[in-house]
Protein chains: 2
Amino acid sequence: MGRRSTAKEVAEAAGVSKWTVIRAFTPGASIAEASREKVMEAARRLNYSPNLLARSLATNLTRQVAAFVDDFANPHKLPFLATLTEILQSEGLVVTLININRHFDHVHALLNADQRQVDAVVLCGTAFRDETLQDKRLGPGTPPTFVLARDSQIDGVPAITCDVETAMAEICDYLAAKPYRRPGFMSGPRTLSTALGRQRLFSDFWRNRGVPAIPDIPAADYSIGAGAAAMRAYLAATPADQRLDLLMCENDVLAFGAMDVIRGEFHLRVPEDIAVAGFDNTTFAASPAYDLTSYEQPIEAMVRTVADMILDRAEKRTVYLKGRLVPRRSA
Amino acid sequence: MGRRSTAKEVAEAAGVSKWTVIRAFTPGASIAEASREKVMEAARRLNYSPNLLARSLATNLTRQVAAFVDDFANPHKLPFLATLTEILQSEGLVVTLININRHFDHVHALLNADQRQVDAVVLCGTAFRDETLQDKRLGPGTPPTFVLARDSQIDGVPAITCDVETAMAEICDYLAAKPYRRPGFMSGPRTLSTALGRQRLFSDFWRNRGVPAIPDIPAADYSIGAGAAAMRAYLAATPADQRLDLLMCENDVLAFGAMDVIRGEFHLRVPEDIAVAGFDNTTFAASPAYDLTSYEQPIEAMVRTVADMILDRAEKRTVYLKGRLVPRRSA
DNA sequence: TTGTATGCGTTATCAA
DNA sequence: TTGATAACGCATACAA
């Protein structure tokens with residue numbers, strides 16, 4: 001029953017050659033108006049539309065972009081995916097969502113993307129070591145690759161990310177104007193944490209202000225549970241008079257976990273006892289339940305930049321875009 | 001530089017015909033061990049791997065599945081996407097994420113999926129009217145389509161969803177055992193709300209118990225903001241002594257918005273003044289900030305079922321799977 | 001076990 | 001403007 005009809009079939013129905021059919025479906029092609037109408041009529045009757053697969057094989061362009069994601073626990077991925085798909089779709093590209101996990105790592109996924117001939121690969125804040133992208137199994141022919149929402153030092157792999165220097169300066173200036181004296185930082189997994197560069201900038205800022213030691217509270221991963229566990233361990237191990245009074249978290253999700261424990265388990269107040277700040281300005285940061293001071297990444301600008309690079313409308317190079325501080329009650 | 005090498009090139013390098021190369025890469029093919037090794041060696045040298053695009057054109061199988069999503073504001077989509085991608089990838093399939101929006105509607109997306117020859121389409125809880133899927137522009141040849149996480153009455157389009165009858169019975173029994181007397185329901189957009197079937201079952205339950213009127217509090221969409229707005233309007237318009245004391249929300253996100261307003265703006269207590277229950281058991285439902293009684297959908301089972309149907313390992317028919325009540329403090 | 005011919009549905013290029 | 005030939009890289013069927 002429902003087989004797709006082909007240009008050849010339409011050609012027969014319209015009494016022309018199949019190339020004329022193709023032309024009728026090619027925007028700039030030179031074709032007589034009469035022929036075009038005949039073709040379109042037949043096409044409508046046969047319910048014809050071009051087979052994009054065959055087109056891709058012939059043009060060497062799939063108009064498909066692979067987006068790698070390895071952290072589905074973070075609700076912050078959603079706005080990124082929403083924006084990425086929307087903007088790329090508006091350019092006629094489609095996004096294939098690749099779940100990077102134990103069974104399907106970066107090398108695997110890159111190889112697969114190459115085999116499927118995608119036009120580009122976008123690493124959406126995934127955690128990888130630089131060596132990974134230089135694996136020998138990856139030929140020099142792999143698709144153009146971009147790193148979104150984290151830094152990268154690999155050349156040939158542009159990073160499109162939030163300008164974290166400005167961001168942390170803004171955040172720190174804002175916090176330093178308040179009476180907090182013992183700042184601490186909650187970080188995520190080392191690989192990604194380093195690539196984000198937030199911790200170093202935070203620590204440097206306070207060190208320059210004469211704060212001797214800035215405690216690091218390491219979370220196992222970027223999830224509410226991990227943030228909660230890290231905070232629980234810290235509070236349990238630290239005498240009340242030695243605790244920090246300001247906790248900067250690498251992102252909102254960690255901050256949520258920390259706040260849950262601070263308030264729910266240790267019955268301390270935010271911000272009076274411990275102030276908390278996050279990063280990403282997740283939806284829930286705005287909720288009165290958290291009211292979390294956070295920092296909004298310029299998602300749309302970042303995605304537009306990636307799109308421009310993918311479509312060769314912009315030079316492929318690392319770019320830092322400015323975000324926006326969103327002050328709230330938590331700090 | 002980095003052009004992919006082809007079977008033909010490997011064949012020349014290995015001194016065999018290109019068909020032998022193909023065989024070496026075809027699992028069940030009959031080929032001499034010696035030839036296979038020669039081929040593999042050459043393939044390694046030339047960094048060859050089969051072009052899946054060309055394969056798809058020849059086999060009529062893309063091993064690509066399109067997933068339609070239209071509600072990126074709901075964090076609940078993330079576990080669905082995570083599970084869908086992970087399970088399908090483990091079967092060698094890849095998921096293309098289609099953002100259904102104003103500029104790219106269901107018909108558009110379906111047409112496009114068809115042109116790209118995807119093996120299947122999964123509507124992930126998207127809001128559509130049944131007629132949409134029967135649009136005349138969609139030939140009879142469109143890919144097998146499945147509806148995930150909502151009901152569907154279209155024949156030929158199986159729905160894989162949570163068994164809402166059992167779910168609502170469980171929820172209502174649980175709530176009825178508590179001293180609530182004036183239940184109300186917060187619903188989302190009509191199309192989807194109806195397809196979810198939650199409101200009707202909830203209302204029926206209480207009507208059968210002699211509750212005369214069950215107020216409907218309609219939210220514009222499934223977002224925290226919409227839930228908050230709906231609750232704000234209701235509380236503002238309803239005298240304190242006539243207010244409901246139990247609010248069942250169509251999903252968690254609405255419940256979060258409602259709770260934010262109940263507590264943050266009207267300074268009422270949950271559950272003492274108004275108890276709240278949700279649906280989906282989102283990550284944040286477990287947080288002490290909300291501690292929301294909710295209902296967990298059997299996501300993994302649902303996705304496995306879809307996968308089995310896509311891979312023709314299970315009969316393509318509507319299936320209802322049982323979820324799990326997660327009682328917490330909010331109700 | 002291996003090689004050959006043919007087809008998948010387009011696009012690119014050239015000739016008419 | 002139109003038709004024809006070749007090519008994209010693989011798979012299928014058949015013959016050797």
Side-chain angles (χ1 to χ4, degrees), chain A residues 2-40 42-43 46-64 92 112 114-119 139 141, chain B residues 2-40 42-43 46-64 92 112 114-119 139 141:
Chain A
R3 221 189 75 271
R4 290 175 56 81
S5 45
T6 71
K8 192 173 163 189
E9 292 165 355
V10 174
E12 284 162 11
V16 297
S17 76
K18 66 173 176 177
W19 297 279
T20 301
V21 174
I22 301 285
R23 285 188 187 99
F25 280 88
T26 307
S30 83
I31 180 178
E33 190 49 35
S35 312
R36 135 165 277 126
E37 271 168 25
K38 260 195 310 189
V39 169
M40 285 315 198
L46 296 185
N47 215 296
Y48 167 83
S49 66
N51 181 329
L52 298 185
L53 205 56
R55 170 178 296 175
S56 293
L57 185 61
T59 56
N60 230 341
L61 267 183
T62 54
R63 306 201 69 86
Q64 293 192 186
N112 183 268
D114 187 28
Q115 287 190 265
R116 294 202 334 275
Q117 304 275 79
V118 302
D119 294 344
Chain B
R3 220 191 74 271
R4 293 176 55 81
S5 46
T6 71
K8 191 171 164 191
E9 292 166 355
V10 174
E12 284 162 12
V16 298
S17 76
K18 66 172 177 177
W19 295 277
T20 301
V21 174
I22 302 284
R23 285 188 187 98
F25 281 87
T26 309
S30 84
I31 181 178
E33 190 51 34
S35 313
R36 137 166 275 125
E37 272 168 23
K38 260 194 311 188
V39 168
M40 286 314 198
L46 296 184
N47 215 298
Y48 168 81
S49 65
N51 180 327
L52 298 186
L53 204 56
R55 173 178 293 176
S56 292
L57 185 62
T59 58
N60 228 340
L61 267 180
T62 54
R63 306 200 70 84
Q64 293 191 185
N112 183 268
D114 187 29
Q115 286 191 268
R116 293 202 334 275
Q117 305 275 79
V118 302
D119 294 344

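Every chain is numbered from 1 and lettered A, B, ... according to where its sequence line falls, protein lines coming before strand lines. Computed from heavy atoms alone, side chains included, the values below leave out hydrogens, waters and symmetry copies.
- Checking each of Lys38(A), Arg36(A), Arg23(A) against Val16(A) for a side-chain contact (heavy atoms from CB on, under 4.5 Å) leaves exactly one that passes, namely Lys38(A).
- The minimum heavy-atom distance linking Asn60(B) with Gln117(B) is given by the pair OD1-NE2, 3.6 Å.
- The 5' end of DNA chain D is approached more closely, in terms of each residue's nearest nucleotide, by Ala32(A) than by the other of Ala32(A) and Lys18(A).
- Arg116(B) and Thr62(A) share no donor-acceptor pair across their side chains, judged by distance under 3.5 Å alone.
- Closest approach of Asp114(B) to Arg4(A), counting heavy atoms only: OD2-NH1, 3.0 Å.
- Residue contacts for Ile22(B): at a heavy-atom cut-off of 4.0 Å it reaches the sugar-phosphate backbone alone, with no base atom in range.
- Rounded to whole Å, atom P of dT4(C) lies 13 Å from atom NZ of Lys8(B).
- One N or O donor and one acceptor, one from the side chain of Trp19(B) and one from the base of dT12(D), sit under 3.5 Å apart.
- Proximity of Thr20(B) to the phosphate of dG3(C): a side-chain N or O atom is located under 4.0 Å from OP1 or OP2.
- Nucleotide dG9(D) holds its P atom 14 Å from the CD atom of Gln115(A), rounded to whole Å.
- Backbone-only engagement by Thr6(B) is indicated by non-hydrogen atom pairs under 4.0 Å involving sugar-phosphate atoms exclusively.
- Between Glu12(A) atom CD and dG9(C) atom P the separation is 12 Å, expressed in whole Å.
- Listed nucleotides: dA11(D), dT1(C), dG3(C). Nearest to the side chain of Ser35(B): dT1(C).
- Here the P atom of nucleotide dC8(D) and the CG atom of Asn51(B) are 12 Å apart, to the nearest Å.
- Whole-Å rounding puts the Glu37(B) CD to dT2(C) C1' distance at 17 Å.
- Spacing between atom CG of Asn60(A) and atom P of dG9(D) amounts to 7 Å, rounded to whole angstrom units.
- In this entry the distance linking CG of Leu61(B) with P of dC10(D) reads 17 Å, nearest Å.
- Nucleic acid contact for Tyr48(A): sugar-phosphate only, since backbone atoms but no base atoms lie under 4.0 Å from a heavy atom of the residue.
- The side chain of Arg23(A) lies closest to dT2(D) when the candidates are dT4(C), dT2(D), dT10(C).
- Mapping Ser17(B) and Gln117(B) onto DNA chain C by nearest heavy atom places Ser17(B) closer to the 5' end of the strand.
- Contact between Tyr48(B) and Ala7(B) at its shortest, heavy atoms only, is CE1-N, 3.3 Å.
- Rounded to an integer number of Å, the gap from Leu57(B) CG to dT12(D) P is 12 Å.
- Remark on DNA chain C: of its neighbouring residues Ile31(B) and Ala58(B), the 5'-side contact belongs to Ile31(B), judged by nearest-heavy-atom nucleotide.
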